[in-house]
Amino acid sequence: MTPPSPEATASNEALYSRATKVLPGGVNSPVRAFLSVGGTPYFVQRAEGAHVWDVEGNRYLDYVQSYGASILGHADPLVVAAIRDAAGRGTTFGAPTRSEVELAETLTEAVPGLEMIRMTSSGTEASMSAIRLARGATGRAKVVKFAGCYHGHTDALLAAGGSGVANQGLVGSAGVPPAAVADTVVVPFNVVPRLDDDVAVLAVEPVAANMGLVEPEPGFLQALRDECDRVGALLFFDEVITGFRLGRGGATAWSGVTPDVWAFGKVIGGGLPVGAFGGSREVMSNIAPLGPVYQGGTLSGNPLATAAGLAALGQLTDDRYRELTDKAQRLARGMTEAIAGAGVPVQVPQVGSLVGIFFGAEAVRNYDDAQAAAGNGIYRRFFHGMLDRGVAFAPGPYEAIFPSLSHTDADLEQTIETAAEVAATLS
Ligand SMILES: *Cc1c(COP(=O)(O)O)cnc(C)c1O
């Protein structure tokens with residue numbers, strides 16, 4: 001570990017101790033608490049590009065990148081300038097703005113089949129509202145979701161939720177009454193469920209990125225489309241991670257399968273709190289004030305968030321996505337060689353710019369497989385080995401690895417070398 005730099009302003013330990021007195025677990029989102037890896041979280045002082053600095057002055061090469069929200073890397077100059085500029089003109093009005101229209105145009109132009117959106121302030125709200133929309137549009141109640149897919153922390157979707165829920169060793173959450181999940185059916189990923197005609201919506205992360213990274217098998221998403229059409233259910237792609245990450249058209253363009261409703265978040269807010277859900281003009285005409293499905297938000301379509309989103313998405317050309325996918329590929333290949341080369345069984349799946357890691361000999365195709373790989377305790381040791389050497393992965397085995405456009409070749413090389421070093425301590 002490098003000695004504390006002159007930037008050191010506090011100790012992580014001291015802040016964590018203060019934090020735990022006033023914030024449950026010391027955090028505002030459970031996975032940040034290091035529960036599943038042990039130890040004290042680092043408190044971030046600032047970040048730039050591929051790096052974050054903690055309050056002790058330690059620098060980390062960051063693959064958390066706000067769980068993928070910061071696709072350009074931290075504090076991108078154009079995004080920061082757009083936020084500053086917008087803030088100077090007022091931060092929230094309770095009246096529509098031009099940048100909301102522009103962001104909606106940007107999304108609908110990029111994603112095949114998406115014609116209208118409604119903005120929210122988080123991905124959770126977006127997927128919650130997408131479900132309400134689907135139920136309202138079909139007049140049906142039942143929701144089918146896949147084990148290990150995370151759709152935010154709304155009651156009806158928390159069952160077998162992956163991500164932080166899995167990190168806590170929880171199946172779902174206390175405080176969710178049986179009635180709230182009575183209409184939720186959970187089925188295994190990568191197996192096409194047979195639906196009944198009381199199903200309103202089939203929800204899926206088209207590339208699952210909250211149980212580690214699990215790619216849909218060839219034909220899986222198209223088969224979901226066909227099964228929904230057979231019974232008149234709506235297909236819901238939760239693209240909160242994949243949207244504007246697998247390319248401008250997200251998993252929709254990537255797979256060539258068009259759902260009926262979408263949720264977005266993370267990347268589209270340029271690092272500010274944001275979400276959006278959408279569909280065809282016909283489906284979205286069910287949303288108030290056009291239709292009977294109520295949905296709203298004081299800060300929805302917030303001027304800072306839309307300015308940041310536009311500044312980020314404006315930079316994401318097809319070339320930049322190719323560049324990012326290339327980085328992800330090099331990272332995945334390099335880490336596989338480095339870790340497997342040390343005799344540690346590992347899977348490093350990669351889809352577009354998304355990367356995952358499972359410590360096990362078998363390919364992971366569903367949540368059961370992911371849990372088996374996450375349960376062997378190797379990730380915890382790998383995580384701390386990397387962190388001690390200045391490389392930050394997410395503090396839980398169910399999260400994806402997010403290289404950003406700011407990660408240089410040298411950064412990737414350093415990560416791979418570090419992984420080899422850490423792997424040697426694991427076998
Ligand atoms: C992060 C995430 C959400 C929830 O978004 P928040 O902004 O954290 O509420 C929903 N769905 C998926 C696929 C996500 O990765």
Side-chain angles (χ1 to χ4, degrees), residues 27-33 63-71 111 117-134 143 145-167 173 184 189 201-216 221 235-246 250-252 254-255 259 261-278 295 297 299-302 305 308-309 312 351-356 367 370 394 396 398-402:
V27 293
N28 279 307
S29 199
V31 71
R32 297 179 200 165
Y63 289 95
V64 181
Q65 294 289 336
S66 196
Y67 292 93
S70 305
I71 193 168
V111 180
I117 63 153
R118 167 69 54 85
M119 295 200 64
T120 62
S121 295
S122 68
T124 294
E125 283 175 86
S127 54
M128 175 185 86
S129 304
I131 294 296
R132 184 182 302 150
L133 167 63
V143 173
K145 79 171 287 285
F146 292 98
C149 284
Y150 180 64
H151 304 295
H153 57 87
T154 188
D155 283 2
L157 295 170
L158 257 187
S163 187
V165 191
N167 282 321
S173 167
T184 304
F189 192 73
V201 61
L202 176 58
V204 66
E205 281 184 76
V207 176
N210 283 288
M211 49 172 150
L213 184 70
V214 182
E215 187 167 2
L221 297 173
L235 179 61
F236 165 39
F237 275 8
D238 181 343
E239 294 227 41
V240 171
I241 282 188
T242 53
F244 285 87
R245 173 161 286 277
L246 295 185
T252 305
W254 173 83
S255 67
V261 283
W262 285 260
F264 300 93
K266 297 194 170 109
V267 171
I268 68 159
L272 266 70
V274 110
F277 65 100
Q295 194 282 337
L299 294 174
S300 294
N302 175 264
V351 181
S353 67
L354 284 166
V355 178
Y367 194 34
Y398 294 99
E399 313 299 337
I401 296 166
F402 295 102

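Order of listing sets the numbers, starting from 1, for every ligand and every atom in it. All values below come from the heavy atoms of this structure, side chains included, with hydrogens, waters and symmetry mates left out.
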> Taking the inter-plane angle between the rings of Tyr67 and Phe402 on a 0 to 90° scale, is it parallel (under 30°), tilted (30 to 60°) or perpendicular (over 60°)?
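If you compare the ring of Tyr67 with that of Phe402, the planes turn out perpendicular.
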> Quiz question: by atom type and distance under 3.5 Å, do the side chains of Glu205 and Thr242 form a donor-acceptor pair?
no
> Can you name the atoms of ligand 1, numbered from 1 with element, that are less than 4.0 Å from a heavy atom of Ile241?
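Once the distances to Ile241 are compared, the set is 15 (O).
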> For His151 and Ala203, work out which heavy atoms get closest and say how close.
NE2-CB, 3.9 Å
> Is Tyr67 close enough to touch ligand 1? Criterion: a residue heavy atom under 4.0 Å from a ligand atom.
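It does not, in that no heavy atom of Tyr67 comes within the 4.0 Å cut-off of ligand 1.
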> Counting each atom of ligand 1 from 1 as listed, which ones have a heavy atom of Glu205 under 4.0 Å away?
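Once the distances to Glu205 are compared, the set is 13 (C).
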> Keeping the roles fixed (side chain from Glu239, backbone from Ala251), state whether a donor-acceptor pair exists under 3.5 Å.
yes
> Consider every N or O of His151 and every N or O of ligand 1, then say whether any pair is closer than 3.5 Å.
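No; every N/O pair is 3.5 Å or more apart.
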> Give a yes-or-no answer on whether the side chains of Arg118 and Gln295 include a donor-acceptor pair shorter than 3.5 Å.
yes
> Any idea which of Ser121, Gly123, Gly265 brings a heavy atom closest to atom 6 (P) of ligand 1?
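Selected option, by shortest heavy-atom distance: Gly123.
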> Examine Thr124 against ligand 1 and note whether any of their N/O atoms are separated by less than 3.5 Å.
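In this structure, Thr124 places an N or O atom under 3.5 Å from an N or O of ligand 1.
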> Got a donor-acceptor contact below 3.5 angstrom from the Thr154 side chain to the Leu157 backbone?
no
> For atom 1 (C) of ligand 1, tell me which residue out of Glu239, Lys266, Met128 has the closest non-hydrogen atom.
Lys266
> What's the shortest distance from atom 11 (N) of ligand 1 to any protein heavy atom, and which residue and atom give it?
Asp238 OD2, 2.7 Å
> For ligand 1, which atoms have a heavy atom of Asn210 less than 4.0 angstrom away?
12 (C), 13 (C), 14 (C), 15 (O)
> Taking Ser66 for its side chain and Gly68 for its backbone only, find out whether a donor-acceptor pair lies under 3.5 Å.
no
> Under 4.0 Å from a heavy atom of Ser122: give me the atoms of ligand 1 that qualify, with their elements.
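Going through ligand 1 atom by atom, the ones under 4.0 Å from Ser122 are 7 (O), 9 (O).
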> Give me the nearest non-hydrogen protein atom to atom 13 (C) of ligand 1 as residue plus atom name, then the distance to 0.1 Å.
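Looking at atom 13 (C) of ligand 1, the protein heavy atom closest to it is Tyr150 O, 3.2 Å.
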> Would you say the side chain of Phe244 lies within less than 4.5 Å of the side chain of Ile71, judging by non-hydrogen atoms?
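Side chain of Ile71 against side chain of Phe244, heavy atoms only: no contact under 4.5 Å found.
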